[in-house]
Amino acid sequence: QVQLVESGGGLVQAGGSLTLSCGASGRAASGRTFSLNGMGWFRQAPGKEREFVAGIRWSDGVKSYADFVNGRFTVSRDNAKNTMYLQMNSLKPEDTAVYYCAVRPGTYSRDPLLYDSWGQGTQVTVSS
């Protein structure tokens, strides 16, 4: 089992930036085992379904983004710290949501149902 904890959310004006972090801990988050996983960032706005934002394959850093990101966000990882990041620039009011990180075996997926473990979420609010 992997425990995930997000941080870094907050209130920012449109056009601003935030960096979210997702730290992984637990027995399954150590060593070679964790390198066999994929991780993803998702978000959920009130009244909307949870949607894929970005994903990264832990073993080789291969990344993928949702179309709406359009070059504004960057997902990255720090192997030594078992931490995934989401650098968000040029934020828009429509980016307002609770952001979640998740982990699954193999590579990332755009389907939230395929993930095993989730963090508690961190609120991102972008004012106009």
Side-chain angles (χ1 to χ4, degrees):
Q1 190 76 16
V2 176
Q3 289 79 47
L4 302 175
V5 177
E6 303 98 336
S7 61
L11 174 64
V12 65
Q13 288 187 334
S17 299
L18 282 174
T19 299
L20 306 183
S21 299
C22 173
S25 62
R27 290 182 59 185
S30 61
R32 186 170 177 272
T33 300
F34 196 73
S35 69
L36 302 177
N37 289 322
M39 294 191 71
W41 284 102
F42 291 79
R43 69 185 188 183
Q44 188 166 18
K48 296 188 176 181
E49 293 186 350
R50 192 167 296 190
E51 63 178 351
F52 174 79
V53 177
I56 188 167
R57 191 161 61 201
W58 208 259
S59 59
D60 57 10
V62 170
K63 308 172 186 180
S64 180
Y65 297 93
D67 290 344
F68 64 77
V69 169
N70 199 23
R72 300 181 298 129
F73 299 174
T74 302
V75 62
S76 62
R77 78 207 193 291
D78 185 326
N79 287 4
K81 296 181 179 179
N82 274 359
T83 299
M84 177 177 65
Y85 303 95
L86 185 68
Q87 171 69 43
M88 303 187 294
N89 300 322
S90 302
L91 283 162
K92 305 174 182 180
E94 51 263 44
D95 293 318
T96 296
V98 177
Y99 283 70
Y100 299 89
C101 64
V103 64
R104 67 180 300 273
T107 188
Y108 56 81
S109 171
R110 293 173 179 252
D111 185 351
L113 297 178
L114 297 181
Y115 285 79
D116 296 333
S117 299
W118 290 82
Q120 82 288 351
T122 185
Q123 176 71 46
V124 171
T125 303
V126 184
S127 63
S128 57

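All residue numbers refer to positions in the sequence shown, counting from 1.
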Report yes if some heavy atom in the side chain of [X] is under 4.5 Å from a heavy atom in the side chain of [Y]; otherwise report no.
X      : Y      : answer
Asp111 : Phe52  : no
Glu6   : Gln120 : yes
Gln44  : Tyr100 : yes
Lys63  : Tyr108 : no
Met88  : Val53  : no
Asp95  : Arg43  : yes
Trp41  : Ile56  : no

Reported OG-to-OH distance for the pair Ser7 and Tyr99, which is rounded to 0.5 angstrom: 15.0 Å
To the nearest 0.5 Å, what is the distance between CZ (Arg57) and OG (Ser64)? 10.5 Å
Give a yes-or-no answer on whether the side chains of Gln13 and Ser127 include a donor-acceptor pair shorter than 3.5 Å. no
How about Trp118 and Phe42: are their ring centres within less than 6.0 Å of each other? yes
Closest heavy-atom pair and its distance - Ala54, Leu86: CB-CD1, 4.2 Å
List for me each residue that meets salt bridge (Lys or Arg N to Asp or Glu O under 4.0 Å) alongside Glu94, sequence neighbours excluded, and say none if there are none. none
Is Lys81 atom NZ crowded by more than 12 heavy atoms from other residues, nucleotides or ligands, each under 6.0 Å away? no
